[in-house]
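Structure first, then comments.
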Amino acid sequence: MTETLVTPELDIDPYAEANLIDPYPMHQRIRDAGPVVRLTRYPRLLACARHAEAHAVLSNHVDFISGAGVGLSNFNLEPPFRPKSLILEADPPLHTQNRAVLSRILSPKAVLQIRATFTAVAEAMVERCVAESLAQGSIDAIAALAQPYPLKVFPDAVGLEPEGRENLLLYGDMVFNSMGPRNALLAKSAERMAPVTDWIMRHCQRDHLRPGGFGDQIYQAADAGEIEAAHAPMLVRSFLSAGVDTTVNGIGNALFALAQHPQEYARLHADPGLARSAFEEALRWETATQTFFRTAARDCQIAGHAVAENDKLLCMLASANRDPRRWTDPDRYDITRRASGHIAMGTGIHGCVGQVVARLEGEVVLAALARRVARIEVAGPHTRRLNNTLRALQTLPLRLIPV
Ligand code: OVM
């Protein structure tokens, strides 16, 4: 028998409103309590808030599985909120086969084909934002840019019709809330669960997907026998679940970071080639997907602390991305920092399969802004949309001062 360390316990609720509004003091408390901390408000819950351990858990898909859910709930003990995702909430070998197909559809080579379109849409939308800001004095950067941009380019690439796309935001909000406890936030976003889920599942069918788009390419993979035919609509569902709300908030948070740091914006404006690293640093500094969980498949250890089979492991991505053990001056938003190594898009076999598309969206929006806008100013207080998983802005009033 190996000796294990005494695991510290904290009576912190990560889903308390104050922690959702401002998670950073909580992150520090959990990081400083130890590499693994038992959060006693929920059953069998261990938190990894430091970079090293959060990274280690995500990198070990054998001991720390996804098939029992990547939210707080353990699907070995309670039924899932919706039929399990065949990639997010799956383990090898099922995961491997499905991942290979999505990964090819979203590969760097495939994404090269959409770059020109994504750039043109970003430029046109930034142009409209500038005009609106001049006319009205300010814009809401969430309603005018962070939401409509991903809602146009990604579903277009998947091959969805233009009508009804607001369902994608409602569905994303629900899916990411469902990874937390069954609290008031989940109840509120699940009020329209039936019609929104109906819309989503209908639009996962081949006859709703433009031939040649990312969605149709999943059906082509089924035609070729690479995946089971019955899996195709569920894999399209993964595109529709993960592809919009994540990038909406990634872009929204990047605009927030730049608005809060005029000197960093000035550097970006002087060299729009920094757009990609400005977006990367925003992912680190204000991580859109704050948390993901794993489930222990067996009794094991993390950093000398005992983990029991069926314990849930809370990987605190946003906290890891500001861990002073890993980053110099972690609370500083610095667009030329080497931000790679952050885990805003996870890591390991489940690391974001859409990351090439997500980075493309972030890069081209920030580059279009950098070229067209000399300065951005905060034009009023921002408001938050609280979610159990996402760090999300509801409104972000900005003034855009064009070149
Ligand atoms: C899925 C899915 C849903 C939400 C997030 C995600 C970040 C994947 O349905 O596969 O990845």
Side-chain angles (χ1 to χ4, degrees), residues 54 57-58 61 65-73 75 80-92 94-103 105-106 150 154-155 158 160 167-180 185-186 189-190 193 196-197 199-201 203-204 214-215 218 221 227-228 230-251 253 283 287-294 314-318 321 342-359 361-362 387-392:
V57 167
L58 295 174
H61 64 271
I65 61 169
S66 291
V70 297
L72 180 63
S73 138
F75 297 167
F81 177 81
R82 56 173 194 159
K84 290 202 283 179
S85 162
L86 300 176
I87 178 165
L88 177 76
E89 295 152 333
D91 298 301
L94 172 65
H95 168 270
T96 316
Q97 191 183 40
N98 292 333
R99 167 96 185 185
V101 169
L102 297 198
S103 179
I105 294 171
L106 303 172
F154 185 70
V158 170
L160 281 190
N167 285 288
L168 295 167
L169 291 175
L170 295 167
Y171 191 67
D173 193 57
M174 198 187 313
V175 167
F176 284 101
N177 270 328
S178 76
M179 293 174 192
L185 286 175
L186 177 59
S189 69
M193 166 127 150
V196 173
T197 304
W199 188 94
I200 294 290
M201 294 320 294
H203 288 80
C204 291
F214 292 160
I218 292 178
I227 53 167
E228 285 181 40
H231 289 178
M234 282 292 284
L235 290 170
V236 178
R237 193 192 72 170
S238 285
F239 283 163
L240 305 189
S241 304
V244 177
D245 222 349
T246 47
T247 45
V248 164
N249 292 298
I251 292 169
N253 292 349
L283 289 173
T287 301
T289 309
Q290 295 263 302
T291 49
F292 269 117
F293 294 76
R294 294 292 185 262
L314 166 54
C315 297
M316 304 190 78
L317 312 181
N321 289 342
H342 73 69
I343 54 172
M345 294 183 176
T347 193
I349 66 165
H350 289 278
C352 180
V353 74
Q355 59 183 281
V356 189
V357 184
R359 288 196 168 98
E361 291 183 32
N387 180 281
N388 287 330
T389 304
L390 298 169
R391 183 126 179 98

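Heavy atoms only: backbone and side chains are in, while hydrogens, waters and symmetry mates are out. Just so you know, ligand 1 is whichever comes first in the structure, and atom 1 is the first atom listed for that ligand.
Residue contacts with ligand 1: R82 is placed with a nitrogen or oxygen under 3.5 Å of a nitrogen or oxygen of the ligand (distance criterion only). For ligand 1, none of its N or O atoms has an N or O atom of T246 under 3.5 Å away.
Between the side chains of R391 and T291, no donor-acceptor pair of N or O atoms lies under 3.5 Å. Side-chain polar atoms of S66 and D91 form no donor-acceptor pair below 3.5 angstrom.
When heavy-atom distances to ligand 1 are checked against a 4.0 Å cut-off, S85 comes that close only through its side chain, counted from C-beta outward. Only the side chain of F292 comes within 4.0 Å of ligand 1, counting heavy atoms alone; its backbone N, CA, C and O stay farther away.
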Task: Chi angles and distances behind the side chain to side chain donor-acceptor pair (under 3.5 Å) call for R237, T197 - done: CA-CA 10 Å; R237 193 192 72 170; T197 304; over 6 Å; no

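Ring pair H95/H61: centre-to-centre distance not below 6.0 Å.
Ranking the protein heavy atoms by distance from atom 6 (C) of ligand 1 puts A242 CB, 3.3 Å first. What sits closest to atom 2 (C) of ligand 1 on the protein, heavy atoms only, is L88 CD2, 3.6 Å.
H231 contributes no side-chain N or O that, together with a main-chain N or O of I227, makes up a donor-acceptor pair within less than 3.5 Å.
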